[in-house]
Colleague: 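If you scroll down you'll find the structure; I have some questions about it.
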Amino acid sequence: MSDSDARRDVRDFGASGTGEQRDTEALQSALDECAGTGGTVVVTPGEYLTAPLTVGSQTTLELQAGATLKFARDHEAFPAKESRWEGWNQTGFHPCLLVEDAENVEITGRGTVDGQGDYWWQFYGEDDADLPDSLVERLEEFRALNDKADDVSSFTLRPPLFQIDRSENVSVSGITLKNSPFWNTHVVFSDNVTFHDVNVENPHDAPNGDGMDIDSSRYVRISDCYLNAGDDAICIKSGKDEEGRSIGRPASQITVTNCTVEAGHGGVVIGSEMSGDVRDVTVSNCTFTDTDRGVRIKTQRGRGGVVEDLRFDGIVMRRVACPFTINGYYFMDIDSDPIPVDESTPMVRNVAFSDITARDVETAGFFAGLPEQHFENISFADVEIDATRSLDATDLRPAMADGFDQRHGLFCKSIDDVSFSNVRIRTAEAPALAFEETGRVSIDGLQVESDQETPVVELRDVDETLVSGCDWQGAETFLRVRGEDPGRVSFAGNHGDLTDHVDAPDADDFAVDAD
């Protein structure tokens with residue numbers, strides 16, 4: 001039998017599988033024997049208590065049904081490790097299970113990887129004075145090595161549960177990954193990575209408990225997976241601010257299909273660390289239930305980078321606070337004046353939503369580019385939104401942007417070229433669609449509740465608006481125009497004369513065209 005065909009039972013290396021003593025040496029010895037030469041490390045049923053483990057090239061790790069890797073509830077067992085933490089290269093605690101600088105790796109089976117994250121979560125947000133002395137010493141060690149910090153997160157240097165770092169041709173299938181100290185699964189600087197039929201489970205209150213983070217990696221496929229996360233469920237990133245732009249490795253050629261998200265801060269999320277660009281992403285045939293937001297793109301001034309060419313198709317959402325969010329003001333005030341455009345100015349463009357149903361939601365959508373650089377080309381086709389859930393159902397805002405009052409309708413600001421084709425929106429209050437400081441707005445075949453309060457559409461400082469294929473049965477205002485630059489409104493191919501239902505200023509620079 002060749003080395004590549006060899007099967008190595010970890011019990012033959014001395015692993016007990018009782019969960020009462022650490023099996024680290026036995027497990028790592030079996031993995032090391034396969035690394036580079038090939039073969040399968042077989043973890044038979046049992047509980048294997050262990051410190052961090054590393055999987056090398058040409059290795060298959062098979063976790064059989066009933067087998068659980070349980071990582072030690074002991075920060076002393078986790079050595080220091082340099083990696084990328086929330087978009088910055090820093091030193092923190094070693095990941096629980098690590099694939100690093102490897103190729104042709106498979107992790108499979110019906111077993112479980114358990115990070116026992118509650119041990120780490122108890123330290124989140126605590127002052128150093130309330131931490132164990134030995135942990136304070138470790139954190140001081142990290143502070144001496146690192147030169148970066150932000151005011152968003154506390155103790156982000158906890159170990160991720162599973163990390164694939166600078167690796168190629170990695171396949172993960174069948175296993176359950178749960179209770180991560182930090183992010184659950186992190187793919188960084190890697191190519192050709194596949195996740196199929198994987199369960200990702202973190203409690204709703206797990207701090208920084210992201211499900212899967214795809215970070216500056218290419219050719220990643222995620223299919224038929226179940227995610228229940230304490231933060232964003234599937235997140236795509238590419239580094240933060242100047243360092244992310246300098247490294248310049250995009251997250252690209254990523255597909256997500258046939259996945260079920262039960263809970264999380266977002267179903268599929270782009271950013272906010274996207275300074276190295278995100279492009280060519282397709283998400284299809286997924287369900288998001290009880291997530292804070294559905295599709296969420298978040299960035300801010302200072303990030304730079306371009307997010308472009310994204311498609312979201314065939315998605316069903318239920319009990320989501322806001323199903324669609326593109327936020328250029330992440331943790332910033334939306335009411336701000338333009339500033340000069342430079343390499344730190346982010347851009348989002350070419351995002352398409354189609355064949356999507358969102359029910360029991362609070363806010364139909366939130367889209368905000370920047371006044372100095374509008375985001376571009378956002379389209380909706382065959383989308384149905386029921387935004388009648390009470391705004392008090394949760395304490396969530398549509399997006400983490402200051403200065404915006406929550407509302408039921410879809411809000412759009414500083415976007416050039418946004419279009420709606422065959423879109424049905426039901427809201428508990430008017431307007432269904434509101435646009436501010438936007439370039440071109442195209443509305444074709446919009447359907448709304450006939451007894452809704454008016455106006456259906458509100459425009460404020462919109463350059464050009466085209467309305468077609470609409471059948472408005474209401475007796476009052478369909479479209480209201482306000483602002484210093486009211487622009488032009490055109491009606492074509494509607495059922496009935498909608499020009500009779502326009503509330504607009506009497507201004508020389510405003511015009512209504514009708515066929």
Side-chain angles (χ1 to χ4, degrees), residues 270-272 293-303 306-308 310 321-339 341 345-353 361-380 383 385 387 391 396-420 423 425 427 429-443 446 455-467 479-489 505:
I270 315 295
S272 69
R293 297 160 191 90
V295 176
R296 183 186 189 194
I297 302 173
K298 50 184 178 178
T299 185
Q300 61 179 213
R301 289 173 172 140
R303 287 285 187 263
V306 177
V307 174
E308 63 182 349
L310 316 179
C322 185
F324 309 102
T325 300
I326 299 179
N327 179 17
Y329 296 88
Y330 188 54
F331 287 109
M332 299 177 68
D333 193 331
I334 192 172
D335 292 323
S336 60
D337 294 328
I339 64 174
V341 173
T345 308
M347 167 59 80
V348 178
R349 61 191 177 208
N350 305 335
V351 182
F353 302 96
V361 305
E362 296 160 38
T363 298
F366 176 93
F367 302 88
L370 299 171
E372 65 271 16
Q373 180 156 273
H374 288 192
F375 296 166
E376 301 173 353
N377 191 21
I378 313 299
S379 67
F380 289 79
V383 173
I385 308 169
L391 297 179
L396 298 167
R397 294 172 291 166
M400 291 181 179
D402 298 332
F404 179 79
D405 294 329
Q406 187 178 9
R407 62 191 71 177
H408 284 289
L410 186 148
F411 172 79
C412 181
K413 180 178 181 178
S414 299
I415 307 289
D416 284 341
D417 196 2
V418 56
S419 65
F420 300 82
V423 171
I425 299 181
T427 64
E429 63 186 17
L433 301 175
F435 304 91
E436 293 183 10
E437 300 170 15
T438 294
R440 176 184 172 87
V441 175
S442 176
I443 301 171
L446 175 68
V456 174
V457 178
E458 184 170 71
L459 310 175
R460 183 176 297 274
D461 297 320
V462 174
D463 294 345
E464 181 181 7
T465 304
L466 173 62
V467 180
L479 185 146
R480 183 166 62 198
V481 181
R482 294 291 184 268
E484 297 179 359
D485 298 308
R488 175 181 295 274
V489 176

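This is a predicted model, so every value here is computed, not measured. Both backbone and side-chain heavy atoms feed into the values below; hydrogens, waters and symmetry mates do not.
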Colleague: Would you please test F366 and I326 for side chain to side chain contact (heavy atoms under 4.5 Å, CB included) and show each step?
Modeller: CA-CA 6 Å; F366 176 93; I326 299 179; over 6 Å; no
Colleague: Hey, does the side chain of E429 reach the backbone of G409 with a donor-acceptor pair shorter than 3.5 angstrom?
Modeller: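 A pair under 3.5 Å: no.
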Colleague: Taking only residues two or more places apart in sequence, or in another chain, which ones meet E464 in a side chain to side chain contact (heavy atoms under 4.5 Å, CB included)?
Modeller: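 By the side chain to side chain contact (heavy atoms under 4.5 Å, CB included) rule, E464 matches R440.
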Colleague: Do T465 and R488 have side-chain atoms, one donor and one acceptor, less than 3.5 Å apart?
Modeller: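 There is no such pair between these side chains.
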Colleague: Mind checking whether V295 and T325 have side chains closer than 4.5 Å, heavy atoms only?
Modeller: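 Result no, sub-4.5 Å side-chain heavy-atom pair not found.
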Colleague: Working to the nearest 0.5 angstrom, can you tell me the gap between S414 OG and I334 CD1?
Modeller: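 Between S414 OG and I334 CD1, I get 7.5 Å after rounding to 0.5 Å.
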Colleague: Rounded at 0.5 Å granularity, tell me how far CD1 in I297 sits from CG in L310.
Modeller: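 The distance works out to 5.0 Å.
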Colleague: What I'd like to find out is whether the side chain of M347 reaches to under 4.5 Å of the side chain of F375, using heavy atoms alone.
Modeller: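 Side chain of M347 against side chain of F375, heavy atoms only: contact under 4.5 Å found.
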Colleague: Would you check if H408 and L391 make a side-chain contact, meaning some heavy-atom pair closer than 4.5 Å?
Modeller: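 Counting from C-beta outward, H408 and L391 do come under 4.5 Å.
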Colleague: Determine whether R301 and T345 satisfy the following criterion, side chain to side chain donor-acceptor pair (under 3.5 Å), listing intermediate values before the conclusion.
Modeller: CA-CA 6 Å; R301 289 173 172 140; T345 308; over 6 Å; no
Colleague: P455 and A430: which non-hydrogen atoms are nearest, and at how many Å?
Modeller: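 That would be O-CB, 3.3 Å.
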Colleague: Once you round to the nearest 0.5 Å, how far does SG of C322 lie from CG of L410?
Modeller: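 It is 7.5 Å, given to the nearest 0.5 Å.
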Colleague: Would you give the length of the straight line joining atom CZ of R349 to atom CG of D417, rounded to the nearest 0.5 angstrom?
Modeller: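 CG of D417 is found 13.5 Å from CZ of R349.
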Colleague: Tell me whether D463 contacts the main-chain N or O of G487 through its side chain, where contact means a donor paired with an acceptor under 3.5 Å.
Modeller: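 Between the backbone of G487 and the side chain of D463 there is no qualifying donor-acceptor contact (under 3.5 Å).
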Colleague: For a 4.5 angstrom cut-off between non-hydrogen side-chain atoms, does P346 reach L370?
Modeller: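 P346 reaches L370 side chain to side chain.
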Colleague: Between the main-chain N or O of A434 and the side-chain N or O of E458, is there a donor-acceptor pair closer than 3.5 Å?
Modeller: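 Between the backbone of A434 and the side chain of E458 there is no qualifying donor-acceptor contact (under 3.5 Å).
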Colleague: Side chain to side chain contact (heavy atoms under 4.5 Å, CB included) between D416 and N377: does it pass, once the steps are laid out?
Modeller: CA-CA 6 Å; D416 284 341; N377 191 21; over 6 Å; no
Colleague: For the NE2 atom of H374 and the CD atom of E376, what is their distance to the nearest 0.5 Å?
Modeller: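 Interatomic distance, H374 NE2 to E376 CD, rounded to 0.5 Å: 10.0 Å.
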Colleague: Side-chain contact, heavy-atom cut-off 4.5 Å: L446 with V457?
Modeller: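 They are in side-chain contact.
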Colleague: With rounding to the nearest 0.5 Å, note down the distance linking CG in D461 to CD in E437.
Modeller: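 These two atoms lie 6.0 Å from each other.
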Colleague: Could you tell me whether the side chain of V481 reaches within less than 4.5 Å of the side chain of V489, counting heavy atoms only?
Modeller: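 Side chain of V489 against side chain of V481, heavy atoms only: contact under 4.5 Å found.
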Colleague: Determine the minimum heavy-atom distance between P371 and S336, stating which atoms define it.
Modeller: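 So the minimum-distance heavy-atom pair works out to CG-O, 3.7 Å.
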Colleague: Might you point out which heavy atoms bring T427 and A432 nearest each other, and give the distance in Å?
Modeller: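 Shortest heavy-atom contact: CG2-CA, 4.2 Å.
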Colleague: In terms of side-chain geometry, is the basic nitrogen of D335 or K413 positioned less than 4.0 Å from the acidic oxygen of its partner?
Modeller: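 Yes, this pair counts.
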Colleague: May I ask you to decide if the ring planes of F420 and F380 are parallel, tilted or perpendicular, using 30° and 60° as cut-offs?
Modeller: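 Ring orientation of F420 relative to F380: parallel.
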Colleague: In this structure, is the centre-to-centre distance between the rings of F324 and F353 below 6.0 Å?
Modeller: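 Yes; F324 has its ring centre under 6.0 Å from that of F353.
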Colleague: Could you tell me whether the side chain of T363 and the main chain of G365 form a donor-acceptor pair under 3.5 Å?
Modeller: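 Not confirmed, T363 side chain does not pair with G365 backbone.
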Colleague: Is there a side chain to side chain contact (heavy atoms under 4.5 Å, CB included) between E436 and C412 once you walk through the steps?
Modeller: CA-CA 6 Å; E436 293 183 10; C412 181; over 6 Å; no
Colleague: Kindly list each side-chain donor-acceptor pair under 3.5 angstrom involving residues 398-407, sequence neighbours excluded, with atom names and distances?
Modeller:
{"unit_1": "D402", "atom_1": "OD1", "unit_2": "R397", "atom_2": "NH1", "d": "3.2"}
{"unit_1": "Q406", "atom_1": "NE2", "unit_2": "E362", "atom_2": "OE1", "d": "3.2"}
{"unit_1": "Q406", "atom_1": "NE2", "unit_2": "L396", "atom_2": "O", "d": "3.4"}

Colleague: Exactly one of I443, V456, V418 should register a side-chain contact (heavy atoms from CB on, under 4.5 Å) with L433. Which one does?
Modeller: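 Testing L433 for a side-chain contact (heavy atoms from CB on, under 4.5 Å) against I443, V456, V418 leaves exactly one candidate, I443.
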Colleague: Between L479 and V467, is any pair of side-chain heavy atoms under 4.5 Å apart?
Modeller: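 Answer yes - side chains close enough.
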